[in-house]
Amino acid sequence: MQVPILKQGNVLIATIQAALTDADLLELRSGLVQQVVRYRSSGVIVDVTAMDVMDSFASRTLLEISRMIRLRGADTVIVGIQPEVAFAMVQLGVTLEDIPTALDLEEGLAYLQQTSRSIN
Amino acid sequence: MARERHALTAAASAKSRLVDLPRGEPRAELHRELVGHLRQNRTQLREEWVARIGEARLLQAMTQEEIFAEATSVYDSYVAALETGTLDDLTAYARNLSERIIPRGVETHEVVGIVLLLRDVLARSLFAKYQADFEKLNRILDAYEPAANRIANTVAVGFVQERERVIRQQQEAIRELSTPVLQVRERLLILPIIGVIDPMRARQLTEQLLRGIRENRAKVVVIDITGVAAMDATVANHLVQTVEASRLLGATVIVTGLSPEIAQTLVTIGVDLGKMNTVGDLQGGIEQAERLLGYKVELG
Amino acid sequence: MAEEVQILVTCDKDVVTARQQGRATALAAGFSNSEATLVATAISELARNIVSYANRGTVTVARLNGHKGAAGLKIVASDAGPGIADVAQALRDGYSSSGGLGLGLPGVRRLMDDFDIASVPGSGTTVTVTKWLK
């Protein structure tokens, strides 16, 4: 299951469409980093609405994605975490630390717009 | 437990025949005689029963007239169940009766008590009538007792089930009431928590809030715990988890009304209060929330 | 009386299969969506431990119609891998024998109601967890 990555302006949007295996997640990580480099994107949105479970491996991979992209000078926002998934995450003890989160794609885009404006 | 399961089975199979009527003429004959006796002596037996209910100080939440009216209905349904051999009507009546008397505060032991009294009153009258003919008395009681026991079961189980349903409903209502998620303005939710929080309620509260955030597309949530007297480590942990889970959905949480005692509990379980967004009182919390929202609206 | 499914776990795809199976069984047993997610998350952690540390093992998901009418879901994750030398340490938050976020066992314990672990160094680990219907 590959995760499609769309380019919209200077933002990359990765929409997870089904449950991902660990290999899929690692592929997403390298795919995103490569494309941020290629397109000099300023922001990345990972839409996890369709993810059934956010376990320790998935959240660690998202943290790594965010840090690698940060090194490229871009921001990552995770959007679409479902209420029950969020509930399970905090019980498990994974909280995505300081990665910005937003309700959905629209909110994620608004967040990136706002942060880039506040820099300018 | 075994007995309880048996009782439930009895209620569940209410449609099945109450007594094995067709097993030979003499048995059916006995039955007709039994029902005939109970019909003939309806007035007297019913009065005796009501008197015994009074002596036993049962159903004190009800007036004498009400008890008499209900007793009449129960008596007639009881005899009808014996006659037709089916429990359906009695089951329906028992449920209906339970619905009416549960709000009056009638207890399970009272309902079981009155049904057992009726069984006793009827058995005594059968004794009195047939005491001369011991053989016949035995046969009559053999026909009467199993049926009477199943009737008692049906009524008691019907009552208990109805009571449990009412209790579940009330608990649900109280939980919903005690954790209201209020939308005070667009994208701002307030969750005023009042009273004692146990882990069960804390969990419910979290789930309700997370759903509320999604449904209302909330960006800021003010959790006001002014009304919470104390919090143990488990519940304090829940509060922290609620804050974290809300953030995962993209909402910022402001906690207001944190008492020094609860703050101490949070520190004890290792919460970095500096990372938690706290404001003294609800008013201040709402003001900060509006600033957060306004700031974002201006830019967006 | 208990229905159960066993999933052979040898690779990361099996981790996904196991947790999806667990979620479906939890929902069928009457758990809420939210509770089923807790169960699926716990299975995901346990199954991944099997792949990472033992290469192969099994995850068994069983419906319980237990004592006093209590119903629930029991998950048994079992492998014949190297085992855990210090179980007590593995149950403390933050511990890991391979870096990163660790075995996730403390988290699994928080996600479920009952938690039991039996591990013998050199011959394998069995983690048994249960979630009760409330």
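Heavy-atom basis, side chains included; hydrogens, waters and symmetry copies ignored. Throughout, protein chains are lettered first and strands after them, A, B, ... in sequence-line order, and every chain is numbered starting at 1.
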Out of C/Val51, C/Ile7, C/Leu46, which one pairs with C/Val15 under the side-chain contact (heavy atoms from CB on, under 4.5 Å) rule? C/Val51
Please flag which part of C/Arg109 lies under 4.5 Å from any non-hydrogen atom of chain A: side chain, backbone, both or neither. neither
Does a donor on one side chain and an acceptor on the other come within less than 3.5 Å for A/Ser66 and A/Thr76? no
Where on A/Met89 is there a heavy atom nearer than 4.5 Å to chain C: the side chain, the backbone, both, or neither? neither
Side-chain donor or acceptor of C/Arg110 paired with backbone N/O of A/Leu92 under 3.5 Å: yes
Flag if over 12 foreign heavy atoms under 6.0 Å of CD, A/Gln8: no
Applying a strict 4.5 Å limit to non-hydrogen atoms, the region of C/Glu35 in contact with chain A is neither
Structural part of C/Val16 lying under 4.5 Å from a heavy atom of chain A: side chain
